[in-house]
2 protein chains.
Amino acid sequence: MATIKDVAREARVSVATVSRVLNKHDNISLKTKLVVENAIEKLNYEPNMLGRNLRRSKSGMILALMPSISNPFYSQIVEGIEDIATKNNYTVLISGTDSNMDKENLYFNLLKQKLIDGVILMNTLQEPEFINTLAKKYAIIQCSEYSEEVDIPFISIDNKKASYDAIKFLIKLGHKDIALINSDEEFLYARRRKEGYIEALKESGISIREEFMGQVGLGFDNGRRMVKRLLKLEKPPTAIFAVSDILAIGAIKEIHEAKLRVPEDIAVIGFDNIEFANMSTPSLTTIAQPMYQIGCEATKMLLKRIDNIDTKIDNLILDYNLIIREST
Amino acid sequence: MATIKDVAREARVSVATVSRVLNKHDNISLKTKLVVENAIEKLNYEPNMLGRNLRRSKSGMILALMPSISNPFYSQIVEGIEDIATKNNYTVLISGTDSNMDKENLYFNLLKQKLIDGVILMNTLQEPEFINTLAKKYAIIQCSEYSEEVDIPFISIDNKKASYDAIKFLIKLGHKDIALINSDEEFLYARRRKEGYIEALKESGISIREEFMGQVGLGFDNGRRMVKRLLKLEKPPTAIFAVSDILAIGAIKEIHEAKLRVPEDIAVIGFDNIEFANMSTPSLTTIAQPMYQIGCEATKMLLKRIDNIDTKIDNLILDYNLIIREST
DNA sequence: TTGTACGCGTTATCAA
DNA sequence: TTGATAACGCGTACAA
């Protein structure tokens, strides 16, 4: 394995000169530049990043931390992150924490160990103070889901308004009995979407029915269970708004199980527009967040932060889209 | 940021001693060990991995390279990889190449740059010679999909036999007109599964019909298109074996579109047992590979290889399972 | 059992 | 425009 020394010897110059060529400094004569480049080619030299990283005290790696990498919700965000990162010569480390604190801490340690230069945080159960302390020394950005008590920049959509729009759409279709399958309200987005749900109903003079609102985990089965409960009601809903497509697909499964039809008997709206939303039967009406763009912008924010940890960075709220398909 | 020097000063010992404590050498007195550990705690010291990595000429990182990280097929494999890697103090870099050669090469370069210690290769379009050359100098393992012309260890299942079993199962249910939605036969697994399909039919005295076999891409829409074609036949099939769950789900979607029922009019079997196979309506009969275990074993093989590039490592063929659900 | 001193491969400072 | 040399933080051979 050739090192910079070998190249220098081969080109009969100093290692400093080789380094300058490598890093495209401009104060170098064309002649020696060519000589060096020839030597590099001849020796098949590749810079050893371990040396460079130590010297620069940078790893050139950023971490995208999310609860689960298999959750299709994050796929496009990750694409955005990777595109911007690659363009800026960073490598992206993608990791799922299973919402497990120990695992999360393992990854946060990479910051202290200098193995990553920054973190894009999708959704964490850490205490706000913990993140705040960390963010004083390291570059961290909140992406998609965030906490208001955490004092670092975030990027997201207006969850309340999105939810409001979804419900308004159902009302326009003639629905009055609309259920909400929400996820745990410890999450900000869940609280916001509930607010939008309530506001839309109130505005249309529809009374809020407690038995129509459920707080469940994010899994497919939770969607099913919630519908099972709803169908046992004396007057079941004619429409359901689920805060994730997976929950919505679970809901549809259970509705079919009960020999009812979607959307004829019960309409269903999801959230996220994951790839499968278009594949399910019936295809799913849902709210699409600009995932790819969210990933891009989050990364740009992070890189700014890495370059200068003291930059003031503004939060970003992006637009969303209601995508109407067969389930409504 | 405290360094090993600071710790040494604080503990009034040499950096060598601190290093020994850090690396759990045994030739060190309990007393100094305690002193050093106190200093580490007091200064909140974390080893700088950039220094350690350079010195050891290792990055402690392995790469899991697959066509697409959003393909749920790989999720559990990745889990296995991460578990074993973490247990051995490695960090896993997960990357999707979109079957794009440029992107792939970018990642292979990480090997030369010393940023990764080895690669678990899921599915690549690279020429066998390219991989072979690379594998002489670097630790590489083939996982799940592999090439027979590549001379590095692989881990997989018996795709021919799995396919054979699926078809035999359909025949046992009374089906005679069985279609095959295969993926591109440039892939070994596609060729193998076709062999199994043909062998099962022949063995049961069912003649092979060319118009029942299709080679398509892996996307959902390809499953739909293929079914569209099959339904136009004078005598359409009564059962379909799709070589991936996504294709199978696409097929079902199109069957429903044609106002036919699954499995009453047409039975469908998939392959992979992705999470959604159990969520779709009807739930999908499919072949389950031991993904998690595949990931674990692949990683063990790779780590062996990293420790000693010259070890002879045996290939591994694991078992699979036919999971019977509603679609048959 | 402990310390001294060198080197891993690179970049950056300073002087020429 | 170029070169000599000192770091970056760590691990280890060798000596004590």
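Chain naming here is simple, since letters A, B, ... match the order of the sequence lines and numbering starts at 1 in each. The structure presented is a predicted model; accordingly, all values stated were derived computationally and were not measured.
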Integer-rounded Å distance: [N] [atom2] and [X] [atom1]:
| X | N | atom1 | atom2 | result |
| --- | --- | --- | --- | --- |
| B:Lys5 | D:dG11 | NZ | C1' | 14 Å |
| B:Leu43 | D:dG9 | CG | P | 14 Å |
| B:Leu22 | D:dT12 | CG | P | 11 Å |
| B:Lys24 | D:dT12 | NZ | P | 15 Å |
| A:Leu34 | D:dT1 | CG | P | 14 Å |
| A:His25 | D:dT2 | NE2 | P | 13 Å |
| A:Lys33 | D:dT1 | NZ | P | 12 Å |
| A:Ile4 | D:dT5 | CD1 | C1' | 14 Å |

Can you establish whether the number of heavy atoms outside A:Glu186 located under 6.0 Å from its atom CD is more than 12?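 Yes, because the 6.0 Å sphere around CD of A:Glu186 holds more than 12 heavy atoms from other groups.
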
5' precedence on DNA chain D between B:Arg20 and B:Met49 (nearest-nucleotide basis):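 Per heavy-atom nearest nucleotide, the more 5' residue is B:Met49.
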
Which residue lies more 5' along DNA chain D, comparing B:Ala2 with A:Ser29 via nearest heavy atoms: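 First, find each residue's nearest nucleotide; the 5'-ward one identifies A:Ser29.
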
Option from A:Ser183, A:Ser144, A:Ser156 for which side chain to side chain donor-acceptor pair (under 3.5 Å) with A:Tyr189 holds: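 Among the candidates, only A:Ser183 passes.
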
Presence of [X] side-chain N/O under 4.0 Å of [N] phosphate oxygens OP1/OP2:
| X | N | answer |
| --- | --- | --- |
| B:Asn48 | D:dC8 | no |
| B:Asn23 | D:dG11 | yes |
| A:Thr32 | D:dT1 | no |

Where is the tightest heavy-atom contact between A:Tyr107 and A:Ile116, given as atom of each residue plus distance?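 Smallest heavy-atom distance, with atoms named: O-CD1, 3.9 Å.
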
Any residue in residues 12-19 of chain B with a heavy atom nearer than 4.0 angstrom to DNA chain D? Just list them by number, or reply none.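 Here the set is B:Ala16, B:Ser19.
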
Validation row: A:Ile94, A:Met66 side chains within 4.5 angstrom (heavy atoms):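 With C-beta onward as the side chain, the pair touches.
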
I want to check something: taking the side chain as every heavy atom from C-beta on, are B:Leu93 and B:Leu115 in contact at a cut-off of under 4.5 Å?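 No - every pair of side-chain heavy atoms lies 4.5 Å or more apart.
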
Under 4.0 Å between a side-chain nitrogen and a carboxylate oxygen: does that hold for B:Asp307 and B:Lys304?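 Looking at B:Lys304 together with B:Asp307, the answer is no, because their closest N to O distance does not fall below 4.0 Å.
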
Taking the side chain from B:Gln142 and the backbone from B:Ile152, do they hold a donor-acceptor pair closer than 3.5 Å?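 It does hold such a pair.
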
Spell out, as yes or no, whether a donor-acceptor pair under 3.5 Å connects the side chain of B:Asn315 to the backbone of B:Phe154.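 Checked: pair present.
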
Does any residue of residues 50-59 of chain B have a heavy atom under 4.0 Å from DNA chain C, and if so, which ones, in number order?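 Residues of residues 50-59 of chain B under 4.0 Å from DNA chain C: B:Leu54, B:Arg55.
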
Any salt bridge (charged side-chain N to carboxylate O under 4.0 Å, His left out) involving residues 102-115 of chain B? Give me the pairs, sequence neighbours left out, ordered by first then second residue.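 Residue pairs with at least one partner in residues 102-115 of chain B: B:Asp98-B:Lys103.
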
